[in-house]
Amino acid sequence: MLRVDAGGAVDALPELDAGALPAAVAALEAAESPHWVWADARRWYPGLLGAGVRIGRAHDLRLCAAILAGSAAAELARRVHPPAPAWVSAPRGGAERVPAAAALFELDGEAPAERAPDEPATAARVFTEFGRQQAIVRDSAAPGALRLLLAAESVGGLIGVEMESAGLPWDPGLHERVLEEALGPRPAHGGKPERMAELAAEVRTALEQPGVNLDSQADLLRALQRAGIAVATTRRWELREHEHPAIEPLIAYKKLSRLLTANGWAWLAEWVQGGRFRPEYVPGGAATGRWATNGGGALQLPKQVRRALVADPGWRLVVADAAQLEPRVLSAIARDPAMAAAGRGRDFYAGLVDRGVVEHRDAAKVAILGALYGATSGESGRLVPRLARAYPRAMAHVDTAAREGERGGVVTTFLGRSSPSPSAGWRALQSAASQPGASAADERRARSSARDWGRFTRNFVVQGSAAEWALCWMGELRKRLMAMDAGAPSARADASGPAFAGVPHLVFFLHDEIIVHSPAELADEVAGHVRESAAEAGRLLFGDFPVEFPLDLAIVESYDQAG
DNA sequence: CGTGACGGCGCC
DNA sequence: AAAGGGCGCCGTCACG
């Protein structure tokens, strides 16, 4: 770990054994709130939190290297400031040389096997890489935006570790009640839950095929077709189109099967301990900058089981989501004042109806989603042209991104995260189709894959910029919540660990939604900070452009009471 | 036995 | 003619 003091001087924390580190960090944090620099929050921060030590700011070299390696705004600066050899993996099979962030961090104490004898020590290499990243930002085409992006990404790295450490308060008894109400009593080892077995029997009887295995897609599809149900897949939406006594119990069976396999008793046993659900968050895990998770399916918690997400006694959940975040972000990044005005002081979709762009709120939603995702058919495709007439700048913005993708180019978010280049296979398909004598089938395939990639880049600029807004929102909120720490009351939530006992803290983040676990008497104050942070994030990104980011916010004891 | 592709479906 | 973005995880199935 390095620390940067108020004057910008960088030095290394002396080598300390793991036991002495937290106290040393805590003392420096209290004395001077340094800007820490580390290779990877995941490597250092869990141990600090376990010892009750939180830090304010840390530059995360791993997350920032990934952004800078791809950002179009840093393309020239990257050539001027190439990675030090130790950051670059050996060429493999003629592949291009790529920054090997992971390799550096393995050297950070764990896997010295591949380290050359003359390589500098870890602290010096962290120092070198930090300097390189600063130089790239300074010499980039957008230093201000990139600086903000790297700061936001880094704070995301802190928050991800903090949320895993604190855990999401989860009541296993309530979860079991949900399971028993839906599935029946917990089956003995290996057995099917009662309700599922009953439904399966109904389906087999209705199909007159006693041997069919409903869990086998191939078997089930054949059985449906033999029974005269003309389906090409076993997807729910397609099944729903057909009239047959087997359909209703089959859909019910699939619903229960999903609950059992994804969030059933096995999930509970594996993921909930001591009243906390602790998934591993992966900030920046998606190409667009959205987060991912490893294990537990934390970003796909079905509404059905959200009853089990409950605050500790004496605590509350402050649940907030940004209403219609993506169209608002689009209006801002495209600087479309008319579109921004539709969302000011009101529900964005209602704004579209008021302005006569579409007739109903539902139509507004479908039209907007169509514009963001590149729909061209169906109701959505029919409505998009109306949107284009009302908000030409916004539509031009996403259309330009789509065209860039269709020709194999890269697009970039508001703060400077760039999309990946299409694969070699994609490019080969395009160039094959452009050769004289290419078959009609090749041309069709190439056009189709070009449009696929265009839809990706169209969505990328909006989804990625929205992810940046959300990071800024959370970062600002975290800062405010940490400042509340000083006056923390006596109410504790010890299951959250020593770093979070008694103080409000983030416990969940889902793209445009956050949950803060807070002592009940502080919940109103927390809610104020959540709202002010959203406004602050808007100003930080878009200055005085008149776009608003209203929240749906609720202070509840149980997640299912929100929204 | 493990691995990877696929269908399907949960969330935004 | 068809034309919806991003994920993770489950079970099944083919394969080595």
Side-chain angles (χ1 to χ4, degrees), chain A residues 192 213-221 231-239 250-251 253-264 266-267 270-271 279-306 321-327 329-330 365-384 398 401-402 405-406 411 413 417 419-420 440-441 443-445 447-467 470 508-514 559 563:
Chain A
K192 274 255 158 75
N213 173 10
L214 302 192
D215 298 327
S216 163
Q217 188 266 349
D219 202 18
L220 175 60
L221 185 58
V231 286
T233 73
T234 64
R235 285 176 212 148
R236 188 183 313 162
W237 64 263
E238 191 178 351
L239 292 173
L250 176 56
I251 289 174
Y253 176 90
K254 286 161 84 72
K255 178 93 184 151
L256 293 185
S257 172
R258 168 77 190 189
L259 174 63
L260 174 70
T261 58
N263 296 100
W267 181 90
E270 183 177 356
W271 290 103
E280 177 192 336
Y281 295 90
V282 186
T288 55
R290 274 189 173 183
W291 289 22
T293 56
N294 273 333
L299 304 187
Q300 302 117 256
L301 286 175
K303 295 209 155 61
Q304 229 175 341
V305 304
R306 293 182 176 188
D321 74 276
Q324 305 110 25
L325 176 60
E326 292 192 348
V329 164
L330 173 57
K365 193 169 180 174
V366 166
I368 287 288
L369 292 178
L372 298 181
Y373 296 161
T376 53
S377 72
E379 195 194 355
S380 185
R382 280 199 303 281
L383 291 168
V384 167
V398 287
E406 285 174 15
V411 298
T413 61
R417 191 189 307 260
S419 62
E443 287 172 4
R444 203 164 45 240
R445 267 196 298 276
R447 263 200 307 279
S448 164
S449 76
R451 287 187 188 142
D452 286 348
W453 199 255
R455 280 192 298 277
F456 167 58
T457 53
R458 168 191 296 272
N459 186 252
F460 184 96
V461 293
V462 181
Q463 189 186 114
S465 301
F508 192 58
F509 169 50
L510 180 54
H511 310 320
D512 60 0
E513 174 174 1
I514 53 110
Y559 190 27

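Sequence lines set the chain letters: A, B, ... in the order given, protein chains first and strands last, and positions in each chain run from 1.
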Residues A/Leu301, A/Asn263; criterion side-chain contact (heavy atoms from CB on, under 4.5 Å); working and verdict: CA-CA 8 Å; A/Leu301 286 175; A/Asn263 296 100; 4.2 Å; yes
A/Arg458 CZ - C/dG5 P separation (whole Å):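 It is 11 Å, rounded to the nearest whole Å.
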Touch class at under 4.0 angstrom, heavy-atom based, for A/Arg258 against every strand present: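 Contact class for A/Arg258: base.
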Touch class at under 4.0 angstrom, heavy-atom based, for A/Arg236 against every strand present: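 Touches sugar-phosphate only.
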Whole angstrom value for the distance that separates C1' of C/dG6 from CG of A/Leu510: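 After rounding, the gap between these two atoms is 12 Å.
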Side-chain N or O of A/Ser216 closer than 4.0 Å to phosphate OP1/OP2 of C/dC13: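 So the side-chain polar atoms of A/Ser216 do come within 4.0 Å of the phosphate oxygens OP1 or OP2 of C/dC13, strictly under.
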Positions of residues 289-299 of chain A (non-hydrogen atom under 4.0 Å from DNA chain B), listed by number: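 When residues 289-299 of chain A is checked for heavy atoms under 4.0 Å from DNA chain B, the hits, listed by number, are A/Arg290, A/Leu299.
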Verify stack between A/Tyr373 ring and C/dG5 base, 5.5 Å, 30 degrees: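 According to the criterion (under 5.5 Å, under 30°), yes, A/Tyr373 stacks.
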Between C/dG6 (C1') and A/Gln300 (CD): distance, integer Å: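 Rounded to the whole Å, the gap is 11 Å.
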Atom pair distance, as rounded to whole Å: CZ in A/Arg451 and C1' in C/dA3: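 Computing the A/Arg451:CZ to C/dA3:C1' distance gives 7 Å.
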Rounded distance in Å between the P positions of B/dG8 and C/dA3: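 My reading of the P atoms in B/dG8 and C/dA3 gives 16 Å.
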Rounded distance in Å - CD (A/Glu270) to C1' (C/dC10):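 Whole-Å distance recorded here is 12 Å.
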Sugar-phosphate, base or nothing in reach of A/Ser257, heavy atoms under 4.0 Å: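 No contact.
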Length of the NE2-P vector between A/His511 and C/dG5, whole Å: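 For the pair A/His511 NE2 and C/dG5 P, the rounded distance is 16 Å.
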Listed partners of A/Tyr559 passing side-chain hydrogen bond (donor to acceptor under 3.5 Å, both in side chains), at least two apart: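 Counting only residues at least two positions away or on another chain, A/Tyr559 forms a side-chain hydrogen bond (donor to acceptor under 3.5 Å, both in side chains) with A/Arg306, A/Glu513.
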Touch class at under 4.0 angstrom, heavy-atom based, for A/Gln217 against every strand present: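 A/Gln217: backbone/sugar contact only, no base atoms under 4.0 Å.
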For atom CD of A/Gln463 and atom P of C/dG5, their distance in whole Å: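 Interatomic distance, CD of A/Gln463 to P of C/dG5: 11 Å.
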Protein-nucleotide distance (A/Leu256, atom CG; C/dC10, atom P), rounded to Å: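 These atoms are roughly 18 Å apart.
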Touch class at under 4.0 angstrom, heavy-atom based, for A/Thr233 against every strand present: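 Sugar-phosphate contact only - A/Thr233 comes under 4.0 Å of backbone atoms but never of a base.
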Touch class at under 4.0 angstrom, heavy-atom based, for A/Ala218 against every strand present: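 The answer is nothing, as A/Ala218 stays clear of every strand by at least 4.0 Å.
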Sugar-phosphate, base or nothing in reach of A/Arg447, heavy atoms under 4.0 Å: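 If one applies the 4.0 Å heavy-atom cut-off, A/Arg447 turns out to touch nothing in the nucleic acid.
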Start and end of the DNA chain B segment that chain A contacts, any atom under 4.0 Å from a heavy atom: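 Endpoints of the contacted stretch of DNA chain B: B/dG7 to B/dC12.
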Selection from C/dG5, C/dG11, C/dC9 that lies nearest to any side-chain heavy atom of A/Asp215: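 Nearest nucleotide to the side chain: C/dG11.
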Sugar-phosphate, base or nothing in reach of A/Leu301, heavy atoms under 4.0 Å: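 Sugar-phosphate contact only.
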